[in-house]
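Each remark here refers to the structure printed beneath this line.
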Amino acid sequence: MSKKTSKNRPVANLNKIIGSWFLQHVQAFLSSLGQLYKNPMNALLTTFVIGISLALPAGFYSFLENARRVTSNWDTTSHISLFLKTDIDDQRAQALADELKNHADIKTVEVIDREAALLEYKQNSGFAAALDALEHNPLPPVIIVQPKIESISSMNNERLLKALRALPEVDSGQFDRQWAQRLHRIIEVFQRFIMIVAALLSIAVILVIGNTIRLAIHNRRQEIEINKLFGATDAFIQRPFLYSGLLHGIGGSLIAWLLLETAVLLLNGPVVRLTDLYGSNFSLVALNFREIISLLLLGAGLGLAGSWFSVKRHLRAIDLI
Amino acid sequence: MIRFTDVYMRYPAGSDVLKQINLHVEQGAMVYVTGRSGAGKTTLLRLIALVERHTRGQIVVNGQNLRRVTGRRIPLFRRNIGVTFQDHRLLNERTVFDNVALPLAVAGYRYQDIKKRTSAALDKVGLLSKEKAFPIALSGGEQQRVGIARAVVHRPALLLADEPTGNLDPALSLETMKLFEQFHQVGVTVLIASHDFDMIKKMNKKIITLHAGSLLPHGRCGERSAPP
Ligand SMILES: Nc1ncnc2c1ncn2[C@@H]1O[C@H](COP(=O)(O)OP(=O)(O)O)[C@@H](O)[C@H]1O
Ligand SMILES: [Mg+2]
């Protein structure tokens, strides 16, 4: 008979199922909140440990992002060095430079004549004695071209470089961006380092949350047994613990965010004064909206993972059968 | 309702605690299981509630062969059973109301239904006025009654009670047994384990006697429970 009514009112039944499902989740959520509230000191300590663990990689990341912003400013100093053929004398070089000044994509042009090039090379290379022994100056003149568009990554500048290289007087030409490149490599190394630190600390967060949940399961063993005896499903029993892990993770993320903002607040003054010295108006930023959401999701995910592992492991030990 | 066929039970460490048990409890019956301490009464109830698995033989409860009740079917199976324990097993940090409401919460009832049924169950055992109290504030007899309310709140077809009069004085014991009789009268199958033979003799119901894990014949003739 009950089968018949359920067939006649499938929608009502579905509503009932969804309603009951939702209700059970609300119950589990409130129950885990209640547990946190009952033990606020423990919850706070755990959340703080998680917060610090998350703040470290997030802080490194933030440092890197700021470094990247600085170095993108440094791109503006990049220029093109044109090494002319060795049979080009200084007059020809100067004539070419005057010609290039009128090019649409070029802002300034500077000639380093053979004498100056030799002097610079002697100073920088340490081969001064060897060069003195030579009768001729072996170095060609160099023309330094500053493009109008400042970023080295601009397609326009790539095209400009290609055109300049094609000139008959030019032997070779290249962007002078060693500095920037080195810096980018250093940043890459740091990025890798941060990823390793983040992975290790993520494992630490999972372990901390797992241990917290293990203790919670241990403390509520009797309750779990009684629930099972009166027909609780595994899902019903697991739910509050999973929510608890989730809440710990999110709480940890919030604390990490707070720590980061505080650090930026403390550091920004000195950093601004420092960059002022270099005529830059740089100022530190913490996390943007997307990064905050990512941090929260990361914390939530780690919390859930930690509690999930713990629940799977330790609830099995309370199996009545 | 309950049928045991050549059932043996042995805990992982040890010898057979139940040996070749054959018994049948009809739907709606009220039956006492008696025997000395250690005879296997609790174990018998634990097998029926699927707290333990029997090692040999066949148990059918409510038409279900317990061997086939596994995984997700276990919780659903248990929702049709109510259990009380010798040591009550109430949750001390929860109110009386919350303790009694537990089987309903577990089964996902709506709050309005939980409220209604829990109040009714508490009323039935005469403890509605104590619903906000905590178990520690109650006497042993009251705690036992909270346990009984919890065992019947979800209206199970089968009620299992382990030593419900364990620590009660004779007058209270009799009262408790009367309470079980009331549930029996509304159609619940009731199985009560008790070593208090003098008391259950007075109840004039079917008696099953265990002796060292074996069933003694002539169930009603309780005097046989004494060892030869
Ligand atoms: N969890 C257990 N593990 C091992 N042996 C047990 C366990 N529980 C009970 N026993 C043994 O099983 C026998 C029957 O115990 P029990 O069913 O509790 O008897 P009763 O309830 O009649 O006093 C006893 O010898 C007891 O020592
Ligand atoms: Mg016993």
Side-chain angles (χ1 to χ4, degrees), chain A residues 2 6 12-40 42 215-241 243-244 311-312 315-321, chain B residues 12 45-54 66-67 69-85 87-94 98-114 135 146-147 149-156 158-160 162:
Chain A
S2 67
S6 73
N13 260 341
L14 190 66
N15 274 343
K16 211 169 151 190
I17 289 167
I18 292 173
S20 150
W21 177 87
F22 180 73
L23 189 78
Q24 295 214 337
H25 272 268
V26 171
Q27 274 172 356
F29 181 74
L30 291 179
S31 151
S32 55
L33 263 190
Q35 288 297 321
L36 292 185
Y37 180 75
K38 259 185 216 160
N39 241 328
N42 269 350
L215 284 177
I217 289 173
H218 179 79
N219 288 339
R220 296 171 68 188
R221 190 187 173 101
Q222 196 201 5
E223 182 185 340
I224 293 168
E225 282 178 0
I226 292 291
N227 273 313
K228 282 200 159 191
L229 271 171
F230 283 97
T233 58
D234 286 349
F236 179 91
I237 289 170
Q238 289 168 16
R239 233 174 265 138
F241 296 110
Y243 270 115
S244 175
V311 156
K312 285 289 165 216
L315 278 187
R316 196 169 298 152
I318 310 186
D319 226 351
L320 288 174
I321 304 186
Chain B
L45 298 193
R46 285 156 71 90
L47 289 183
I48 297 169
L50 271 180
V51 179
E52 303 285 351
R53 290 277 183 189
H54 56 291
L66 292 196
R67 281 265 180 256
V69 180
T70 53
R72 290 162 187 273
R73 292 195 205 132
I74 296 172
L76 295 179
F77 170 81
R78 290 200 185 119
R79 286 179 198 177
N80 217 7
I81 298 179
V83 198
T84 74
F85 310 90
D87 52 355
H88 315 320
R89 298 186 77 174
L90 302 176
L91 301 176
N92 284 327
E93 71 281 9
R94 303 245 195 127
D98 286 351
N99 267 286
V100 174
L102 187 140
L104 301 175
V106 152
Y109 279 78
R110 290 183 317 155
Y111 182 73
Q112 292 93 311
D113 294 340
I114 292 180
V146 173
R150 180 177 65 183
V152 299
V153 71
H154 52 306
R155 299 187 194 147
L158 174 61
L159 182 53
L160 306 174
D162 194 9

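The basis for the numbers below is simple: all heavy atoms, side chains too, and nothing from hydrogens, waters or symmetry mates. All of these numbers come straight from a predicted model, not from anything done at the bench.
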**Asked** In Å, rounded to the nearest 0.5 Å, how long is the span from CG of L102(B) to CG of L229(A)?
**Response** 10.0 Å
**Other residues, nucleotides, ligands: >12 heavy atoms within 6.0 Å of H218(A) NE2** = no
**Distance in Å, K228(A) NZ paired with R78(B) CZ, rounded so as to fall on 0.5 Å steps** = 7.5 Å
**Asked** Hey, are the side chains of L320(A) and L50(B) touching, using non-hydrogen atoms and a 4.5 Å cut-off?
**Response** no
**Message:** With a 4.5 angstrom heavy-atom cut-off, is it the side chain or the backbone of Y109(B) that approaches chain A, or both, or neither?
**Reply:** backbone
**Prompt:** Quick check: are there more than 12 heavy atoms from other residues, nucleotides or ligands sitting under 6.0 Å from CZ of R72(B)?
**Reply:** no
**Message:** side-chain contact (heavy atoms from CB on, under 4.5 Å) for L90(B) and Q222(A)? Distances and angles first, verdict last.
**Reply:** CA-CA 9 Å; L90(B) 302 176; Q222(A) 196 201 5; over 6 Å; no
**Message:** Just so I know, are the side chains of L104(B) and F230(A) near enough to count as touching, which here means a heavy-atom distance under 4.5 Å?
**Reply:** no
**Asked** Does CZ in R155(B) sit with more than 12 non-hydrogen atoms of other residues, nucleotides or ligands closer than 6.0 Å?
**Response** no
**Prompt:** chain A heavy atoms under 4.5 Å from R94(B): which part of the residue, side chain, backbone, both or neither?
**Reply:** side chain
**Request:** For the residue pair R150(B) and I226(A), establish whether any side-chain heavy-atom pair is separated by less than 4.5 Å.
**Result:** yes
**Message:** So, taking the atom named CD in E223(A) and the one named CG in N99(B), what distance separates them when rounded to the nearest 0.5 Å?
**Reply:** 9.5 Å
